[in-house]
Amino acid sequence: MKVFHTISEIREFVRAAKGRGESIGLVPTMGYLHDGHLSLVRRAREENDRVVVSVFVNPLQFGPGEDFERYPRDLGRDSALAAGAGADAVFAPEVAEMYPEPTLTHVTVDGLSEGLCGASRPGHFRGVATVVMKLLNIVSPNRAYFGQKDAQQATVIRRMAADLNLDTSIVILPIVRESDGLAMSSRNVYLTPEGRRAALVLSSSLRLASEIVDGGERDAASVRRAIVAGISAEPMARVDYVAIVHADNLKPLDRLAGRVLIALAVFIDKVRLIDNVVLDLDESAADGAR
Ligand code: AMP
(Lines give C-alpha, C1' and ligand atoms only; values in the text may rest on other atoms or scores of the structure.)
Protein backbone atom coordinates (compact mmCIF):
# COMPACT_ATOMS: atom_id res chain seq x y z
CA MET A 1 0.00 0.00 0.00
CA LYS A 2 1.22 3.49 -0.85
CA VAL A 3 1.18 6.59 1.33
CA PHE A 4 1.00 9.90 -0.54
CA HIS A 5 1.43 13.34 0.94
CA THR A 6 0.93 15.54 -2.10
CA ILE A 7 -2.03 16.26 -4.34
CA SER A 8 0.01 15.64 -7.48
CA GLU A 9 1.06 12.14 -6.28
CA ILE A 10 -2.47 10.98 -5.44
CA ARG A 11 -3.75 12.48 -8.71
CA GLU A 12 -1.13 10.51 -10.61
CA PHE A 13 -2.13 7.31 -8.78
CA VAL A 14 -5.80 7.91 -9.66
CA ARG A 15 -5.01 8.85 -13.25
CA ALA A 16 -3.07 5.61 -13.76
CA ALA A 17 -5.83 3.52 -12.17
CA LYS A 18 -8.55 5.16 -14.26
CA GLY A 19 -6.37 4.67 -17.35
CA ARG A 20 -6.59 0.94 -16.66
CA GLY A 21 -10.37 1.27 -16.44
CA GLU A 22 -10.39 0.80 -12.66
CA SER A 23 -13.01 2.27 -10.35
CA ILE A 24 -12.02 4.27 -7.26
CA GLY A 25 -13.56 4.30 -3.78
CA LEU A 26 -12.63 7.08 -1.36
CA VAL A 27 -12.96 6.94 2.43
CA PRO A 28 -12.38 10.42 3.91
CA THR A 29 -11.22 10.36 7.55
CA MET A 30 -9.39 12.42 10.12
CA GLY A 31 -7.34 9.36 11.05
CA TYR A 32 -6.76 7.56 14.32
CA LEU A 33 -8.68 4.78 12.64
CA HIS A 34 -10.98 2.37 14.43
CA ASP A 35 -13.40 -0.33 13.32
CA GLY A 36 -16.00 2.26 12.33
CA HIS A 37 -13.62 3.71 9.73
CA LEU A 38 -12.48 0.25 8.72
CA SER A 39 -16.06 -0.87 8.03
CA LEU A 40 -16.12 1.88 5.37
CA VAL A 41 -12.77 0.75 3.96
CA ARG A 42 -13.94 -2.87 3.78
CA ARG A 43 -17.12 -1.90 1.96
CA ALA A 44 -15.13 0.30 -0.42
CA ARG A 45 -12.83 -2.70 -1.03
CA GLU A 46 -15.83 -4.82 -2.03
CA GLU A 47 -17.27 -2.25 -4.41
CA ASN A 48 -14.22 -0.72 -6.15
CA ASP A 49 -11.03 -1.76 -7.92
CA ARG A 50 -8.93 0.75 -5.97
CA VAL A 51 -9.50 2.13 -2.48
CA VAL A 52 -8.08 5.43 -1.25
CA VAL A 53 -8.27 6.41 2.43
CA SER A 54 -7.64 10.06 3.16
CA VAL A 55 -6.25 10.99 6.57
CA PHE A 56 -6.47 14.72 7.19
CA VAL A 57 -7.33 16.61 10.35
CA ASN A 58 -9.06 19.53 8.69
CA PRO A 59 -8.50 22.79 10.57
CA LEU A 60 -11.41 24.43 8.75
CA GLN A 61 -13.99 22.33 10.60
CA PHE A 62 -12.66 23.07 14.10
CA GLY A 63 -13.82 26.13 16.00
CA PRO A 64 -11.67 28.26 18.30
CA GLY A 65 -10.99 26.38 21.54
CA GLU A 66 -11.85 23.01 20.00
CA ASP A 67 -9.45 20.07 19.89
CA PHE A 68 -7.66 20.61 16.53
CA GLU A 69 -4.18 20.65 18.09
CA ARG A 70 -4.66 17.69 20.38
CA TYR A 71 -6.77 15.56 18.02
CA PRO A 72 -5.07 12.11 18.08
CA ARG A 73 -2.73 11.46 15.16
CA ASP A 74 -0.73 8.33 14.29
CA LEU A 75 -0.14 7.91 10.56
CA GLY A 76 1.99 4.76 10.94
CA ARG A 77 -0.78 2.98 12.79
CA ASP A 78 -3.45 4.33 10.41
CA SER A 79 -1.53 3.16 7.34
CA ALA A 80 -1.17 -0.36 8.76
CA LEU A 81 -4.87 -0.54 9.66
CA ALA A 82 -5.98 0.86 6.29
CA ALA A 83 -3.76 -1.65 4.46
CA GLY A 84 -5.16 -4.49 6.59
CA ALA A 85 -8.71 -3.50 5.62
CA GLY A 86 -7.81 -3.48 1.92
CA ALA A 87 -6.80 0.10 1.07
CA ASP A 88 -4.46 0.60 -1.90
CA ALA A 89 -3.41 4.12 -0.97
CA VAL A 90 -3.50 6.53 1.94
CA PHE A 91 -3.61 10.23 1.10
CA ALA A 92 -2.26 12.14 4.09
CA PRO A 93 -1.54 15.76 3.13
CA GLU A 94 -0.14 18.42 5.45
CA VAL A 95 -2.34 21.44 6.14
CA ALA A 96 -0.10 23.56 3.88
CA GLU A 97 -0.68 21.15 0.99
CA MET A 98 -4.47 21.43 1.29
CA TYR A 99 -4.53 25.12 2.18
CA PRO A 100 -1.40 26.78 0.75
CA GLU A 101 -3.27 30.01 1.33
CA PRO A 102 -6.31 30.71 3.48
CA THR A 103 -9.20 29.50 1.35
CA LEU A 104 -11.54 32.23 0.12
CA THR A 105 -13.91 29.67 -1.36
CA HIS A 106 -16.29 27.64 0.79
CA VAL A 107 -19.13 25.23 0.30
CA THR A 108 -22.13 26.02 2.48
CA VAL A 109 -25.15 23.74 2.58
CA ASP A 110 -27.84 26.14 3.79
CA GLY A 111 -30.65 24.83 5.93
CA LEU A 112 -28.92 21.61 6.97
CA SER A 113 -25.82 23.06 8.63
CA GLU A 114 -27.22 25.39 11.28
CA GLY A 115 -29.09 23.10 13.70
CA LEU A 116 -27.96 20.13 15.82
CA CYS A 117 -24.14 20.07 15.85
CA GLY A 118 -24.08 23.24 13.74
CA ALA A 119 -25.68 25.21 16.57
CA SER A 120 -22.87 24.42 19.02
CA ARG A 121 -20.18 24.33 16.32
CA PRO A 122 -20.78 27.35 14.05
CA GLY A 123 -18.93 26.97 10.74
CA HIS A 124 -18.26 23.28 11.33
CA PHE A 125 -20.29 21.97 8.38
CA ARG A 126 -18.95 24.66 6.08
CA GLY A 127 -15.49 23.33 6.94
CA VAL A 128 -16.61 19.74 6.40
CA ALA A 129 -18.39 20.40 3.09
CA THR A 130 -15.45 22.44 1.79
CA VAL A 131 -12.81 19.81 2.59
CA VAL A 132 -14.96 16.95 1.29
CA MET A 133 -15.53 18.90 -1.94
CA LYS A 134 -11.74 19.40 -2.23
CA LEU A 135 -11.05 15.70 -1.57
CA LEU A 136 -13.66 14.68 -4.15
CA ASN A 137 -12.07 17.02 -6.67
CA ILE A 138 -8.57 15.72 -5.89
CA VAL A 139 -9.40 12.00 -5.96
CA SER A 140 -12.48 12.06 -8.26
CA PRO A 141 -13.74 8.74 -6.89
CA ASN A 142 -16.65 6.75 -8.29
CA ARG A 143 -17.91 6.26 -4.75
CA ALA A 144 -17.23 7.98 -1.42
CA TYR A 145 -18.03 6.36 1.92
CA PHE A 146 -19.28 8.03 5.10
CA GLY A 147 -20.66 6.80 8.41
CA GLN A 148 -24.13 7.31 9.85
CA LYS A 149 -22.31 8.03 13.13
CA ASP A 150 -22.09 11.62 11.86
CA ALA A 151 -25.73 11.76 10.77
CA GLN A 152 -25.86 15.48 10.03
CA GLN A 153 -22.59 15.33 8.11
CA ALA A 154 -24.00 12.47 6.00
CA THR A 155 -27.10 14.55 5.22
CA VAL A 156 -25.03 17.63 4.37
CA ILE A 157 -22.68 15.70 2.06
CA ARG A 158 -25.49 13.87 0.31
CA ARG A 159 -27.25 17.16 -0.37
CA MET A 160 -24.05 18.88 -1.54
CA ALA A 161 -23.43 16.02 -3.98
CA ALA A 162 -26.98 16.28 -5.33
CA ASP A 163 -27.08 20.08 -5.52
CA LEU A 164 -23.69 20.34 -7.26
CA ASN A 165 -24.21 17.33 -9.57
CA LEU A 166 -21.11 15.57 -8.29
CA ASP A 167 -20.17 12.51 -10.30
CA THR A 168 -19.52 10.48 -7.14
CA SER A 169 -22.01 8.16 -5.43
CA ILE A 170 -22.28 8.94 -1.74
CA VAL A 171 -22.54 5.75 0.33
CA ILE A 172 -23.62 5.97 3.99
CA LEU A 173 -22.94 2.98 6.26
CA PRO A 174 -24.27 2.08 9.74
CA ILE A 175 -22.74 3.04 13.08
CA VAL A 176 -20.17 0.57 14.41
CA ARG A 177 -20.30 0.19 18.20
CA GLU A 178 -18.16 -1.28 20.94
CA SER A 179 -19.65 -4.47 22.42
CA ASP A 180 -21.23 -2.46 25.26
CA GLY A 181 -22.97 -0.06 22.87
CA LEU A 182 -20.62 2.96 22.81
CA ALA A 183 -20.36 4.30 19.26
CA MET A 184 -16.75 4.05 18.11
CA SER A 185 -15.02 7.42 17.81
CA SER A 186 -11.43 8.64 17.64
CA ARG A 187 -12.37 10.97 20.50
CA ASN A 188 -13.13 8.05 22.83
CA VAL A 189 -9.39 7.99 23.65
CA TYR A 190 -9.92 11.27 25.55
CA LEU A 191 -12.16 9.49 28.07
CA THR A 192 -10.91 8.57 31.53
CA PRO A 193 -11.94 5.10 32.74
CA GLU A 194 -14.86 6.67 34.67
CA GLY A 195 -15.76 8.76 31.62
CA ARG A 196 -15.69 5.66 29.44
CA ARG A 197 -18.28 4.06 31.73
CA ALA A 198 -20.36 7.26 31.89
CA ALA A 199 -20.30 7.54 28.08
CA LEU A 200 -22.62 4.55 27.87
CA VAL A 201 -25.41 7.00 28.72
CA LEU A 202 -25.51 8.11 25.05
CA SER A 203 -26.35 4.73 23.57
CA SER A 204 -28.46 3.62 26.53
CA SER A 205 -30.66 6.73 26.39
CA LEU A 206 -31.14 6.24 22.64
CA ARG A 207 -32.08 2.62 23.29
CA LEU A 208 -34.56 3.76 25.92
CA ALA A 209 -36.03 6.24 23.42
CA SER A 210 -36.41 3.50 20.80
CA GLU A 211 -38.23 1.34 23.33
CA ILE A 212 -40.59 4.15 24.25
CA VAL A 213 -41.35 4.75 20.57
CA ASP A 214 -41.78 0.99 20.04
CA GLY A 215 -44.34 1.16 22.84
CA GLY A 216 -46.35 3.65 20.76
CA GLU A 217 -45.21 7.06 21.99
CA ARG A 218 -45.20 9.60 19.15
CA ASP A 219 -44.96 12.89 21.04
CA ALA A 220 -41.47 14.28 20.42
CA ALA A 221 -41.40 16.33 23.64
CA SER A 222 -42.15 13.22 25.73
CA VAL A 223 -39.46 11.17 24.00
CA ARG A 224 -37.01 14.02 24.37
CA ARG A 225 -37.80 14.41 28.07
CA ALA A 226 -37.10 10.71 28.63
CA ILE A 227 -33.73 10.99 26.90
CA VAL A 228 -32.73 14.14 28.81
CA ALA A 229 -33.77 12.49 32.10
CA GLY A 230 -31.69 9.41 31.24
CA ILE A 231 -28.62 11.53 30.50
CA SER A 232 -29.11 13.75 33.53
CA ALA A 233 -29.09 10.67 35.78
CA GLU A 234 -25.38 10.33 34.93
CA PRO A 235 -23.46 12.90 37.02
CA MET A 236 -20.50 13.08 34.61
CA ALA A 237 -22.76 13.86 31.63
CA ARG A 238 -24.03 17.22 30.39
CA VAL A 239 -26.46 17.49 27.47
CA ASP A 240 -25.31 19.64 24.55
CA TYR A 241 -28.43 18.89 22.51
CA VAL A 242 -31.07 16.24 22.00
CA ALA A 243 -32.83 16.62 18.65
CA ILE A 244 -35.76 14.78 17.16
CA VAL A 245 -35.90 15.68 13.47
CA HIS A 246 -36.88 14.35 10.09
CA ALA A 247 -33.93 12.26 8.88
CA ASP A 248 -33.88 13.79 5.40
CA ASN A 249 -34.33 17.51 6.02
CA LEU A 250 -33.33 17.71 9.72
CA LYS A 251 -36.46 19.74 10.50
CA PRO A 252 -37.64 19.40 14.13
CA LEU A 253 -40.72 17.22 14.62
CA ASP A 254 -43.56 17.60 17.10
CA ARG A 255 -44.94 14.16 16.27
CA LEU A 256 -42.76 11.22 15.31
CA ALA A 257 -43.62 9.98 11.81
CA GLY A 258 -41.72 8.75 8.75
CA ARG A 259 -37.94 8.52 8.91
CA VAL A 260 -37.08 10.04 12.27
CA LEU A 261 -33.55 10.90 13.38
CA ILE A 262 -32.95 11.12 17.11
CA ALA A 263 -29.54 12.68 17.51
CA LEU A 264 -27.66 13.86 20.56
CA ALA A 265 -24.42 15.38 21.70
CA VAL A 266 -23.29 14.99 25.29
CA PHE A 267 -20.27 16.26 27.17
CA ILE A 268 -18.63 13.67 29.39
CA ASP A 269 -16.39 15.98 31.40
CA LYS A 270 -14.89 18.06 28.57
CA VAL A 271 -15.22 15.37 25.91
CA ARG A 272 -18.05 16.00 23.46
CA LEU A 273 -19.53 12.78 22.06
CA ILE A 274 -22.34 12.25 19.55
CA ASP A 275 -24.66 9.37 18.77
CA ASN A 276 -27.95 8.84 16.97
CA VAL A 277 -30.60 6.40 15.86
CA VAL A 278 -32.93 6.46 12.84
CA LEU A 279 -36.43 5.05 13.32
CA ASP A 280 -38.60 4.11 10.35
CA LEU A 281 -42.14 4.88 11.43
CA ASP A 282 -45.51 5.10 9.68
CA GLU A 283 -46.09 8.44 8.01
CA SER A 284 -49.48 8.62 9.74
CA ALA A 285 -48.08 9.75 13.13
CA ALA A 286 -50.29 7.14 14.84
CA ASP A 287 -50.23 7.47 18.60
CA GLY A 288 -50.91 4.21 20.40
CA ALA A 289 -49.63 5.53 23.73
CA ARG A 290 -52.57 7.74 24.49
P1 AMP B 1 -13.76 10.97 11.24
O2 AMP B 1 -12.38 10.42 11.15
O3 AMP B 1 -14.29 11.04 12.63
O4 AMP B 1 -13.93 12.26 10.45
O5 AMP B 1 -14.69 9.92 10.52
C6 AMP B 1 -14.45 9.53 9.19
C7 AMP B 1 -15.65 8.78 8.66
O8 AMP B 1 -15.84 7.62 9.46
C9 AMP B 1 -16.93 9.59 8.76
O10 AMP B 1 -17.71 9.37 7.60
C11 AMP B 1 -17.58 9.04 9.98
O12 AMP B 1 -18.99 9.15 9.97
C13 AMP B 1 -17.17 7.59 9.92
N14 AMP B 1 -17.25 6.99 11.24
C15 AMP B 1 -16.69 7.45 12.40
N16 AMP B 1 -17.04 6.67 13.43
C17 AMP B 1 -17.85 5.71 12.94
C18 AMP B 1 -18.55 4.61 13.52
N19 AMP B 1 -18.50 4.34 14.83
N20 AMP B 1 -19.29 3.83 12.70
C21 AMP B 1 -19.36 4.10 11.38
N22 AMP B 1 -18.73 5.10 10.76
C23 AMP B 1 -17.98 5.91 11.54
Side-chain angles (χ1 to χ4, degrees), residues 28-37 39-40 57-58 61-63 65-68 70-72 109 112-129 131-132 145-158 172-178 180-192 195-210 223-224 226-228 230-232 234 236-248 250 252 259-279:
T29 81
M30 298 204 300
Y32 217 71
L33 302 183
H34 50 64
D35 256 337
H37 299 114
S39 72
L40 309 182
V57 184
N58 172 36
Q61 70 190 68
F62 288 78
E66 290 188 352
D67 56 345
F68 173 70
R70 69 179 190 121
Y71 196 86
V109 183
L112 296 177
S113 301
E114 298 82 3
L116 290 81
C117 286
S120 16
R121 306 186 71 189
H124 171 67
F125 289 107
R126 184 175 90 147
V128 168
V131 80
V132 169
Y145 296 81
F146 300 86
Q148 177 62 24
K149 160 83 191 322
D150 299 272
Q152 187 173 12
Q153 168 175 289
T155 307
V156 164
I157 300 296
R158 232 198 306 240
I172 310 296
L173 296 179
I175 300 176
V176 176
R177 298 177 180 281
E178 304 285 358
D180 60 6
L182 178 67
M184 289 189 183
S185 164
S186 307
R187 290 190 167 99
N188 291 348
V189 297
Y190 296 150
L191 295 167
T192 62
R196 171 66 182 77
R197 183 198 46 73
L200 288 179
V201 75
L202 282 88
S203 53
S204 65
S205 64
L206 286 172
R207 248 192 332 269
L208 172 72
S210 303
V223 176
R224 193 176 175 284
I227 297 173
V228 171
I231 296 169
S232 307
E234 169 51 62
M236 287 182 80
R238 181 168 61 80
V239 172
D240 181 28
Y241 72 81
V242 174
I244 301 181
V245 298
H246 195 283
D248 299 329
L250 306 184
R259 259 169 56 78
V260 175
L261 170 68
I262 307 182
L264 45 80
V266 175
F267 284 98
I268 305 290
D269 279 342
K270 293 204 171 64
V271 186
R272 185 175 176 281
L273 301 176
I274 58 172
D275 200 348
N276 70 85
V277 65
V278 174
L279 305 175

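Below, each value reflects all heavy atoms present in this structure, side chains not excepted, and no hydrogens, waters or symmetry copies.
- Here the CZ atom belonging to Arg197 is positioned 9.0 Å from the OG1 atom belonging to Thr192, to the nearest 0.5 angstrom.
- Here Thr155 contributes atom OG1 and Ile172 contributes atom CD1; the two are 7.5 Å apart, rounded to the nearest 0.5 Å.
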- [ ] Decide side chain to side chain contact (heavy atoms under 4.5 Å, CB included) for Val128 and Ile157; before the verdict, give the C-alpha distance in whole Å, the side-chain angles of both, and the deciding distance to 0.1 Å.
- [x] CA-CA 8 Å; Val128 168; Ile157 300 296; 4.1 Å; yes

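- Checking side-chain atoms of Glu66 against main-chain N and O of Phe68 turns up no donor-acceptor pair under 3.5 Å.
- Asp240 and Ser120 get closest at one heavy-atom pair: OD2-OG, 2.8 Å.
- Taking every heavy atom of both residues into account, Arg177 and Met184 meet most closely at O-CE, 3.8 Å.
- The shortest non-hydrogen separation linking Gly230 to Val201 is O-CG2, 3.5 Å.
- Atom CZ of Arg187 is surrounded by more than 12 heavy atoms from other residues, nucleotides or ligands within 6.0 Å.
- Taking OG of Ser205 as the start and CG of Leu264 as the end, the distance is 5.0 Å to the nearest 0.5 Å.
- Between the Asn276 side chain and the Gln148 main chain, a donor and an acceptor come within less than 3.5 Å of each other.
- You'll find the side chain of Val176 stays beyond 4.5 Å of the side chain of His34, heavy atoms only.
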Open item on the list: Assess the residue pair Leu273 and Asn188 against the criterion (side chain to side chain contact (heavy atoms under 4.5 Å, CB included)); give the C-alpha distance rounded to whole Å, side-chain angles, the decisive distance to 0.1 Å, and a yes or no.
Closed with: CA-CA 8 Å; Leu273 301 176; Asn188 291 348; 3.6 Å; yes

TODO: Could you please spell out the steps behind the side chain to side chain contact (heavy atoms under 4.5 Å, CB included) verdict for Ser186 and His37?
DONE: CA-CA 10 Å; Ser186 307; His37 299 114; 3.5 Å; yes

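- Taking CG of Asp269 as the reference point, atom CG of Leu191 lies at 8.5 Å (rounded to 0.5 Å).
- Between Arg272 and Asp67, no side-chain nitrogen of the basic residue sits less than 4.0 Å from a carboxylate oxygen of the acidic one, so the salt-bridge criterion is not met.
- Between Tyr241 and Ala263, the shortest heavy-atom distance links the atoms CE1-O, 3.5 Å.
- A donor-acceptor contact shorter than 3.5 Å is absent between the side chain of Ser113 and the backbone of Phe125.
- Judged by distance alone, with hydrogens and angles left aside, the side-chain atoms of Ser203 form no donor-acceptor pair with the main-chain N or O of Ala183 at under 3.5 Å.
- Residues Val57 and Tyr32 fail the side-chain proximity criterion, which asks for heavy atoms closer than 4.5 Å.
- Of the possible polar contacts, one joining the Gln152 side chain to the Gly115 backbone as a donor-acceptor pair under 3.5 Å is found.
- Of the possible polar contacts, none joining the Asp248 side chain to the Arg259 backbone as a donor-acceptor pair under 3.5 Å is found.
- Considering every non-hydrogen atom in both Tyr190 and Arg70, the closest pair reads OH-O, 3.5 Å.
- To the nearest 0.5 Å, atoms OG (Ser185) and CG (Asp275) are separated by 10.0 Å.
- Of the inter-residue distances, the one linking Leu200 atom CG with Asp180 atom CG reads 4.5 Å to the nearest 0.5 angstrom.
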- [ ] Carefully, step by step, assess Ile231 and Val242 under the rule side chain to side chain contact (heavy atoms under 4.5 Å, CB included).
- [x] CA-CA 10 Å; Ile231 296 169; Val242 174; 4.2 Å; yes

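- Here the closest non-hydrogen pair linking Leu208 and Ala226 is CD2-O, 3.9 Å.
- Figure legend: Arg158 and Phe146 shown without cation-pi pairing, the cationic atom not lying both under 6.0 angstrom from the six-membered ring centre and within 45 degrees of its axis.
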